[in-house]
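Report on one structure; see the data block that follows.
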Amino acid sequence: MRKHIHLRKLLITALSVTFLSFLCVAPVCASSSDLWDSYNVPSSRQKPRLLDNADLLSPDEEKDILAKLDTLSENRGSNICILTTPSHTGPIQDFADDYFDYNGFGADYNESGALFMLSMSDREWAISTSGDAIYAFTDYGQEVMMDKMLPYLKNGDYHGAFCKYIEVSDYYLDLYAKGTPYDVQSGSIKAPRTRADYIRFLLMSLGIGAILSIFPIAAMASQLKTVHKQPAANDYRSHDGLIVNKHTDQFIRSHVSRHMRNTDSGSGSRSHGGGGSSIHTSSSGHSHGGSHGHF
């Protein structure tokens with residue numbers, strides 16, 4: 001009898017430990033289990049192109065970003081998506097790849113797409129690319145994209161950061177469609193230009209031109225002070241013809257030849273390798289490009 005009571009106590013203790021362990025693990029798994037239904041790749045897209053689980057956007061901002069993502073995705077034939085979450089499990093790059101795959105974002109447009117993800121607990125970001133978007137969003141292109149987004153992220157302007165992500169994504173996809181994906185080109189670095197960039201460059205050019213034009217005008221004006229009225233021409237004429245008693249050499253223009261100096265081997269230059277896109281395989285067996293970091 002005593003032996004049965006002892007076994008019953010052991011069984012109750014084991015069940016209690018198992019139940020408590022489940023309670024401890026459940027919150028950790030919750031952050032991923034509510035973002036995809038199963039570890040099977042569905043045949044259609046399961047989520048909207050914007051999922052703001054971290055509540056970083058106002059309702060109006062959320063509508064604006066989602067509308068822009070839908071328009072861009074449909075126009076470019078590539079699912080461009082955004083995910084924000086309070087936390088995540090495992091490496092953020094793997095999480096972003098799985099979110100893209102197990103929510104069916106690759107079902108449209110021959111698996112082409114790009115996901116930008118924010119995880120707020122550790123202030124991490126990740127980019128996951130798939131299909132043709134792997135080659136449109138090159139490794140260097142992702143570096144430049146994040147250089148443009150990070151100032152917004154660090155200032156807490158998430159709407160501005162997402163707008164910049166959409167703007168640069170449109171630029172990259174446009175270049176890829178033309179057969180010239182944005183990348184390191186022959187050692188030269190060309191940043192993507194936007195309408196605001198062109199307006200700023202125009203205003204700067206006009207301002208610099210106005211400043212530079214002051215100096216030659218001032219120089220010519222100062223030379224006019226040496227001209228004086230002569231009441232007679234006796235100083236310049238004789239019976240032998242025109243005699244010039246005074247002459248001045250006036251410098252009127254210059255020409256400078258410039259040649260580009262090769263600085264590729266400098267110790268302070270930034271290395272970008274040979275360009276292109278790095279590719280890895282996700283848990284679903286699909287190929288992805290991408291990058292990740294902190295902000």
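Computed from a prediction, not measured in an experiment: that's the story for all the values here. Atoms considered below: every heavy atom in the structure, side chains included; atoms not considered: hydrogens, waters and symmetry mates.
L57 and L72 fall within the same hydrophobic cluster, defined by Ile, Leu, Val, Met, Phe, Trp and Tyr side-chain heavy atoms under 4.5 Å apart, directly or through other members. Under the 4.5 Å side-chain heavy-atom criterion for ILVMFWY residues, a single connected hydrophobic cluster contains both M146 and L175. Each of V168 and Y152 belongs to its own hydrophobic cluster when Ile, Leu, Val, Met, Phe, Trp and Tyr are linked at side-chain heavy-atom distances under 4.5 angstrom.
Checked by atom type and distance alone, the side chain of S121 never pairs as donor or acceptor with a backbone atom of S87 at under 3.5 Å. When atom types are taken as modelled, the side chain of D52 and the backbone of T84 share no donor-acceptor pair closer than 3.5 angstrom. Of the possible polar contacts, none joining the S130 side chain to the H288 backbone as a donor-acceptor pair under 3.5 Å is found.
With a 4.5 Å cut-off on side-chain heavy atoms, K68 and C163 count as touching. Residues Y102 and S283 form a side-chain contact, since some pair of their non-hydrogen atoms from C-beta on lies under 4.5 Å apart. Contact of the L51 side chain with the L35 side chain is registered, since non-hydrogen atoms from C-beta on lie closer than 4.5 Å. Side-chain contact between L173 and F137 is present, with at least one heavy-atom pair separated by less than 4.5 Å.
When all heavy atoms of Q93 and G289 are compared, the pair lying nearest together is NE2-O, 4.3 Å. Closest heavy-atom contact between G290 and Q142: C-OE1, 3.2 Å. Residues A96 and A126 approach most closely at CB-CB, 4.2 Å, considering heavy atoms. Here the closest non-hydrogen pair linking S119 and P86 is OG-O, 4.2 Å. Taking both residues in full, the closest heavy atoms of S112 and A133 are given as OG-N, 3.4 Å, listed atom of the first, atom of the second, then distance. Taking each heavy atom of S73 and I80 in turn, the nearest pair found is OG-N, 3.0 Å.
Side-chain N/O atoms of N53 and T85 include no donor and acceptor closer than 3.5 Å.
Screening residues 108-126 for salt bridge (Lys or Arg N to Asp or Glu O under 4.0 Å), with sequence neighbours left out, gives R45-D108. A salt bridge (Lys or Arg N to Asp or Glu O under 4.0 Å) check over residues 81-103, counting only residues at least two apart or in different chains, returns nothing.
By the 30° and 60° cut-offs, the orientation of the rings of F162 relative to Y158 is tilted. Ring-plane geometry between Y171 and Y182 is classed as perpendicular, the angle between the planes exceeding 60 degrees on a 0 to 90 degree scale with a lower cut at 30.
Going from atom CH2 of W36 over to atom CZ of F95 covers 4.0 Å, rounded to the nearest 0.5 Å. Atoms CD and CG, from E62 and D55 in turn, are 8.0 Å apart once rounded to the nearest 0.5 Å. Taken to the nearest 0.5 Å, the CH2 atom of W125 stands 9.0 Å off from the CE atom of M149. Between E61 atom CD and L56 atom CG the span is 9.5 Å, to the nearest 0.5 Å. In this structure, NZ in K164 is found 12.5 Å from CG in L150, a value given to the nearest 0.5 Å.
Every residue two or more places apart in sequence or in another chain that forms a side chain to side chain donor-acceptor pair (under 3.5 Å) with Q46 is listed here: S44. D70 pairs by the side-chain contact (heavy atoms from CB on, under 4.5 Å) definition with R49, L66, E74, not counting sequence neighbours. Scanning for salt bridge (charged side-chain N to carboxylate O under 4.0 Å, His left out) contacts around D139 gives an empty result, with sequence neighbours left out. When the salt bridge (charged side-chain N to carboxylate O under 4.0 Å, His left out) test is applied to R76, the partners found at least two apart in sequence or on another chain are D170, D174. Residues that satisfy the side chain to side chain donor-acceptor pair (under 3.5 Å) test with Y165, not counting sequence neighbours, are absent from this structure. Residues passing the side chain to side chain donor-acceptor pair (under 3.5 Å) test with T138: none are found, sequence neighbours excluded. For F105, the ring-ring contact (aromatic ring centres under 6.0 Å, His included) partners two or more places apart in sequence, or in a different chain, are Y99, F100. Scanning for side-chain contact (heavy atoms from CB on, under 4.5 Å) contacts around N75 gives T71, with sequence neighbours left out. Here K47 pairs with N103 under the side chain to side chain donor-acceptor pair (under 3.5 Å) rule; sequence neighbours left out.
Under a 4.5 Å side-chain heavy-atom criterion applied to ILVMFWY residues, the cluster that includes Y135 comprises I134, Y176, I279 as well.
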Stepwise side chain to side chain contact (heavy atoms under 4.5 Å, CB included) test for M117 and H88: CA-CA 10 Å; M117 173 184 169; H88 69 280; 3.9 Å; yes
